[in-house]
Amino acid sequence: IADSAKSQTPLPDLLEEARSVANVIGEFEFASFCEKELNGYDEEDDLPDYRDIEKKVQSWYDGPLEPNAKRYMTTMSKSYEIRDPMKVVCDILKEQKNYERFFEIPNDPWKGLYKNKEIIKLISFQRIEFFVRQKINDWKNQMLKKGKLALDGSNPKTEINNFNINAPVNNSNIVD
């Protein structure tokens, strides 16, 4: 509960803690949200709005020029979905700079004569982190209001029914 309010708590750790707590108290929809943020979103998953960001694509001619010719660059902005796991987002945030990646166009007849680069501003990744932390804190506050979590160190009553283990018991500390 306290970790969710601390910005220095690594977000993947916070998501894992929140996922575990959500499963224990039966909040499976929120646990699913945490799992998607931890593991990334599949193509068929609905993506939260905050993960739809702007990506700039730049292209320019990098081959030999006629004397006194100028180089021109085209820049195009497009919507881009960040489906990567939160660890990837956090690793980019650690760099504290815009994400830039050069790429080649497949089957480009002028291969080597043009350069292509995609750029995603750092603020886009910071925005993703902000909204995920906010969602965790909002969920925590709801659970406190519902009495499913407590701030005073006491454990609210949690019922666990039909506890099953569907795994081999050999070499474990489980007797039966």
Side-chain angles (χ1 to χ4, degrees), residues 1-56 77-101 118-176:
I1 293 171
D3 285 349
S4 69
K6 298 176 186 170
S7 61
Q8 67 268 25
T9 303
L11 195 49
D13 294 349
L14 185 58
L15 281 163
E16 185 56 47
E17 289 173 12
R19 185 195 65 77
S20 296
V21 170
N23 277 324
V24 167
I25 64 174
E27 292 288 322
F28 302 115
E29 187 176 323
F30 187 74
S32 175
F33 159 78
C34 292
E35 286 173 16
K36 287 179 194 270
E37 288 295 335
L38 281 165
N39 301 321
Y41 289 82
D42 293 329
E43 284 298 319
E44 64 274 359
D45 290 332
D46 288 335
L47 203 63
D49 290 342
Y50 57 82
R51 280 181 164 263
D52 190 13
I53 55 101
E54 178 188 45
K55 173 172 77 169
K56 291 189 186 279
S77 292
K78 58 192 251 182
S79 180
Y80 182 70
E81 296 178 337
I82 301 281
R83 293 183 172 276
D84 298 307
M86 188 52 66
K87 182 172 180 348
V88 172
V89 172
C90 291
D91 287 346
I92 292 169
L93 284 169
K94 284 179 191 171
E95 297 291 320
Q96 286 294 303
K97 60 183 182 181
N98 293 340
Y99 171 82
E100 297 183 3
R101 180 182 76 86
E118 64 182 8
I119 302 165
I120 302 172
K121 292 192 176 206
L122 180 63
I123 190 108
S124 297
F125 296 102
Q126 291 168 331
R127 185 172 171 259
I128 293 170
E129 180 187 41
F130 170 81
F131 279 108
V132 172
R133 283 186 187 277
Q134 184 180 46
K135 185 156 180 148
I136 293 169
N137 276 308
D138 289 349
W139 175 80
K140 171 194 71 176
N141 292 337
Q142 282 180 326
M143 295 304 103
L144 287 167
K145 285 179 186 174
K146 289 180 179 179
K148 290 190 170 190
L149 297 176
L151 286 174
D152 63 3
S154 66
N155 291 329
K157 184 179 176 186
T158 302
E159 270 186 42
I160 300 177
N161 296 319
N162 299 326
F163 185 77
N164 292 317
I165 297 176
N166 297 318
V169 184
N170 299 348
N171 298 322
S172 70
N173 61 356
I174 299 171
V175 177
D176 197 298

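Bear in mind the structure is a predicted one, so any value in this text is a computation, not a measurement.
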**Asked** Of all residues at least two apart in sequence or in a different chain, which pass the side chain to side chain contact (heavy atoms under 4.5 Å, CB included) check with S77?
**Response** E54, K56
**CG (L122) with more than 12 external heavy atoms under 6.0 Å** = yes
**Request:** Give the C-alpha distance, both sets of side-chain angles, the deciding distance and a yes or no for side chain to side chain contact (heavy atoms under 4.5 Å, CB included) between I136 and L11.
**Result:** CA-CA 10 Å; I136 293 169; L11 195 49; 4.1 Å; yes
**Request:** Please identify each residue that fulfils side chain to side chain donor-acceptor pair (under 3.5 Å) with Y99, with sequence neighbours left out.
**Result:** none
**Request:** Look up atom CG in N39 and atom CG in L15, then write down how far apart they are to the nearest 0.5 Å.
**Result:** 10.0 Å
**Prompt:** Between CZ of F125 and CG of N98, what distance do you get to the nearest 0.5 Å?
**Reply:** 9.0 Å
What donor-acceptor contacts under 3.5 angstrom involve side-chain atoms of residues 89-97, with partners at least two apart or in another chain?
residue : atom : partner : partner atom : Å
D91     : OD1  : K87     : NZ           : 3.4
D91     : OD2  : K87     : NZ           : 3.1
Q96     : NE2  : L93     : O            : 2.9

**Residues which pass ring-ring contact (aromatic ring centres under 6.0 Å, His included) with F33, listed by chain and number, not counting sequence neighbours** = F30
**Asked** Who are the ring-ring contact (aromatic ring centres under 6.0 Å, His included) partners of F131, not counting sequence neighbours?
**Response** Y50
**Prompt:** Going from CG on L47 to CG on D52, what distance comes out if it is rounded to the nearest 0.5 angstrom?
**Reply:** 7.0 Å
**Fill in**
d(C34 SG, E37 CD) to nearest 0.5 Å is 8.0 Å
**Prompt:** L38 and P85: which non-hydrogen atoms are nearest, and at how many Å?
**Reply:** O-CB, 3.1 Å
**Complete:** Between P48 and Y41 the two heavy atoms that sit nearest each other are CG-OH, 3.4 Å
**Complete:** So the salt bridge (charged side-chain N to carboxylate O under 4.0 Å, His left out) pairs with at least one residue in residues 129-141 (sequence neighbours excluded) are E129-R133
**Asked** Does the side chain of I128 reach to within under 4.5 Å of the side chain of M86, using non-hydrogen atoms?
**Response** yes
**Request:** Would you list the pairs meeting side-chain hydrogen bond (donor to acceptor under 3.5 Å, both in side chains) in which at least one residue belongs to residues 16-30, sequence neighbours left out?
**Result:** E16-R19, E27-K148
**Asked** Excluding sequence neighbours, so at least two apart, what forms side chain to side chain contact (heavy atoms under 4.5 Å, CB included) with D84?
**Response** I82, V88
**Item:** Listed partners of K55 passing side chain to side chain contact (heavy atoms under 4.5 Å, CB included), at least two apart
**Value:** V57, K78, Y80, E118, I120
**Complete:** By side chain to side chain contact (heavy atoms under 4.5 Å, CB included), D42 pairs with (sequence neighbours left out) E44, D45
**Request:** Mind checking side chain to side chain donor-acceptor pair (under 3.5 Å) for R127 and listing every partner two or more places apart, or none if nothing turns up?
**Result:** none
